[in-house]
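Taking it in order: structure first as structure tokens, then the write-up.
Basis for what follows: all heavy atoms, side chains included, without hydrogens, waters or symmetry-related copies. So you know, we letter chains A, B, ... as the sequences are listed, proteins then strands, and number each from 1.
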Number of protein chains: 2
Amino acid sequence: MSETFPFDSAAVIGLGLIGGAVVRDLAARGVRVSAYDRDPVQLEAARSDGVVSRALDASLRGLGEVQLVVIAVPVDAALDVLRLVAAQVCAAGSRTLLVTDVGSTKGRIESLAVELGLAQRFIGSHPMAGDHRSGWSASRAGLFAGAPLYLCAPPGAAAPTLGLARRLWSELGASLVEIDAREHDLRVAWTSHLPHMVAATLGLALARGGFRRDDLGPGGRDMTRIAGSSPEMWTAIGIDNAAAIDETLAAAEAELARFRDALRRSDAGRLRERFIAARAWFDQ
Amino acid sequence: MSETFPFDSAAVIGLGLIGGAVVRDLAARGVRVSAYDRDPVQLEAARSDGVVSRALDASLRGLGEVQLVVIAVPVDAALDVLRLVAAQVCAAGSRTLLVTDVGSTKGRIESLAVELGLAQRFIGSHPMAGDHRSGWSASRAGLFAGAPLYLCAPPGAAAPTLGLARRLWSELGASLVEIDAREHDLRVAWTSHLPHMVAATLGLALARGGFRRDDLGPGGRDMTRIAGSSPEMWTAIGIDNAAAIDETLAAAEAELARFRDALRRSDAGRLRERFIAARAWFDQ
């Protein structure tokens, strides 16, 4: 264990892109890592890469023995996992100092953590380090270096717990942004969920037109890269944050309608104004 | 002049990203290049980079002395330039073997070329090598290496002229796709114009939500890179190809509405189906 690293042991639940990167980064710092993934293939891959000391079973028994618990499963599954985690972390003799998750929405899981009596030991995390790839094989050490990371402390969180969460992610290289969970969810509806929905929209429209991704130029390929993101993860995010995302999609629909209106009128002046405004936003 | 290169002299009208790259690539092959840009600053920059032998004035006098004429201005301005070009290229004593343009729409300029009596000497070109940057300073040699490039020969084009166009772009490294001009315009409405309009739409929606490009993660930044493209160029493309683009935007609007409907009903099954379909398209 590094002298400055605040944990000697950790459990990571979910070995996808983000969970896998956490495992690799923790192991590289000398932390003993226990791990679970519902897919035995992913779990075995992580074990054979030599970074997981111990595989947990689906009951997650033994969690109370580790100092750090990281939940890295899709946001819908994270709620059930948190219930299992809470039962052990809140039991007598637990050594657990911090429970965190890495989901893209933070309001619902924070509410559940408070309800389960974890307010003093839970801090929500959301690293902005996603990718269209997923699974253990897509994960890599150093994924969080330079990435923005939202930290959401529940009302009444313990200051030492928040301090541990800050140290954890700072050591992994992330740039921390501390924010209220509900404010976070509104913000990422715009900055992350909207772009994902629009990428999928563009892919589906092109499919309907009979075009493949290979038919696109570099701009179009960039715009559809995240259309290949995990359906499970994005369905869960969509349902969790539906109202906020719908508001952002309504804004996109209104802007699209304005483009169509200018095109149908052959209104070059209005079209130019819109492109100028888009570039001004880009150059901001 | 390279032994295999089919031209000893050329004139390039418009020294933006694409025109500039053509100038640099031709000069590198020993071609004497005359050039014009309505912006004297761009023209002077090209001259001082040592790749332009001779600056033309706005009348474009002297064009008939060169073997190759490349029109590289926005598609609306290209029509007026083609009229000036035709007057000289069709005059007695002209040495010009090939006139081409590099615009993103091909139907209208081809019709005008035929009308002006250029059918035997005109081939439309569309290199898919755009970028959000523009101007001489953004141009570079080798831009067309590996880039797809559409070639559109007017009905009744002369075979030797088409052969010259093929050799020109093949020497510059492009991968040629020969296609009818109208079919081209429908195709690029989907593969190029739609992604550009959607990028601008996303930028404008985010502006309305109060978010900057810096607030986005890597996916969102990729999706808005081409929102910074030249407003002049894209206004001209939009007006030229309005009906076809509007059809593609209608398809995007319908897909967006389906996302909103699934979100408002909290219909996880339908949402998942859509993300699965988007990923299947991506993986195709």
Side-chain angles (χ1 to χ4, degrees), chain A residues 128 130 190-192 194-209 211-213 215-217 219-220 222-228 231 234-235 238-239 242 245-246 248-253 255-256 259-260 263-264 266 268 271-272 274-279 281-284, chain B residues 128 130 190-192 194-209 211-213 215-217 219-220 222-228 231 234-235 238-239 242 245-246 248-253 255-256 259-260 263-264 266 268 271-272 274-279 281-284:
Chain A
M128 297 281 277
W190 286 97
T191 60
S192 169
L194 169 64
H196 268 88
M197 301 278 165
V198 170
T201 293
L202 182 57
L204 291 171
L206 284 162
R208 203 162 281 261
F211 292 92
R212 300 159 57 106
R213 191 155 180 262
D215 297 323
L216 305 178
D222 273 0
M223 290 206 61
T224 51
R225 187 176 55 78
I226 53 176
W234 281 96
T235 300
I239 296 298
I245 297 171
D246 186 53
T248 70
L249 290 184
E253 196 171 281
E255 297 299 339
L256 201 58
F259 266 114
R260 294 191 64 195
L263 286 173
R264 272 175 296 188
S266 283
L271 200 53
R272 184 175 298 111
R274 296 186 60 70
F275 283 121
I276 288 172
R279 184 153 80 173
W281 174 83
F282 178 89
D283 285 338
Q284 209 177 30
Chain B
M128 297 281 276
W190 285 97
T191 60
S192 169
L194 169 65
H196 268 88
M197 301 277 167
V198 170
T201 293
L202 182 57
L204 291 170
L206 284 162
R208 204 163 281 261
F211 292 93
R212 300 159 57 105
R213 193 156 179 261
D215 296 323
L216 306 178
D222 273 0
M223 290 206 61
T224 50
R225 186 176 57 78
I226 53 176
W234 281 95
T235 300
I239 296 298
I245 298 171
D246 187 51
T248 70
L249 292 184
E253 196 170 282
E255 297 299 340
L256 201 58
F259 266 114
R260 293 191 65 196
L263 287 172
R264 272 175 296 188
S266 282
L271 199 53
R272 184 175 298 111
R274 297 186 60 69
F275 283 120
I276 288 173
R279 183 153 79 173
W281 174 82
F282 177 89
D283 285 337
Q284 210 177 27

* Which one, A:Thr248, A:Asp283, A:Ile239, A:Ile245, leads in non-hydrogen pairs under 4.5 Å with chain B? -> A:Ile239
* **Contact summary for B:Gly228 and A:Arg279, nearest pair of heavy atoms** => O-CD, 3.0 Å
* Is any side-chain heavy atom of B:Phe259 closer than 4.5 Å to a side-chain heavy atom of A:Leu204? -> yes
* **Where A:Thr201 and B:Ala252 come nearest, the two heavy atoms and their spacing** => CG2-O, 3.4 Å
* Asked: Using non-hydrogen atoms only, which part of A:Asp215 is less than 4.5 Å away from chain B: side chain, backbone, both, or neither?
  -> both
* Which residue out of B:Ala251, B:Ala227, B:Ala277 racks up the most heavy-atom pairs below 4.5 Å with chain A? -> B:Ala227
* To do: Applying salt bridge (Lys or Arg N to Asp or Glu O under 4.0 Å), name anything that partners A:Arg212, two or more places apart in sequence or on another chain.
  => none
* Taking it one step at a time, do B:Ile226 and A:Asp222 satisfy side chain to side chain contact (heavy atoms under 4.5 Å, CB included)? -> CA-CA 9 Å; B:Ile226 53 176; A:Asp222 273 0; over 6 Å; no
* Interchain contact, B:Ser192 with chain A, by part (heavy-atom threshold 4.5 Å) -> neither
* Largest heavy-atom contact set with chain B, pairs under 4.5 Å, which of A:Leu256, A:Ile276, A:Thr235 -> A:Thr235
* Check A:Glu255 against B:Ala205 and note the closest heavy-atom contact, atom names and distance. => CG-N, 3.7 Å
* Who wins among A:Gln284, A:His196, A:Met197 for the most heavy-atom pairs under 4.5 Å with chain B? -> A:Gln284
* Asked: Relative to chain A, which segment of B:Asp246 carries a heavy atom at a distance below 4.5 Å: side chain, backbone, both, or neither?
  -> both
* Nearest heavy-atom neighbours spanning A:Met223 and B:Pro195 -> SD-O, 3.0 Å
* Sub-3.5 Å donor-acceptor pair from the side chain of B:Trp281 to the main-chain atoms of A:Ala200, do we have one? -> no
* Heavy-atom pair with the smallest gap, counting every atom of A:Gly217 and B:Met128 -> N-CE, 3.9 Å
* Structure fact -> Cut-off 4.5 Å, heavy atoms of chain A, and the answer for B:Leu202 is side chain
* To do: Check side chain to side chain donor-acceptor pair (under 3.5 Å) between B:Arg264 and all other residues, then give those that pass, not counting sequence neighbours.
  => none
* Go through the steps to decide whether A:Leu194 and B:Leu206 satisfy the test side chain to side chain contact (heavy atoms under 4.5 Å, CB included), and finish with yes or no. => CA-CA 9 Å; A:Leu194 169 64; B:Leu206 284 162; 4.1 Å; yes
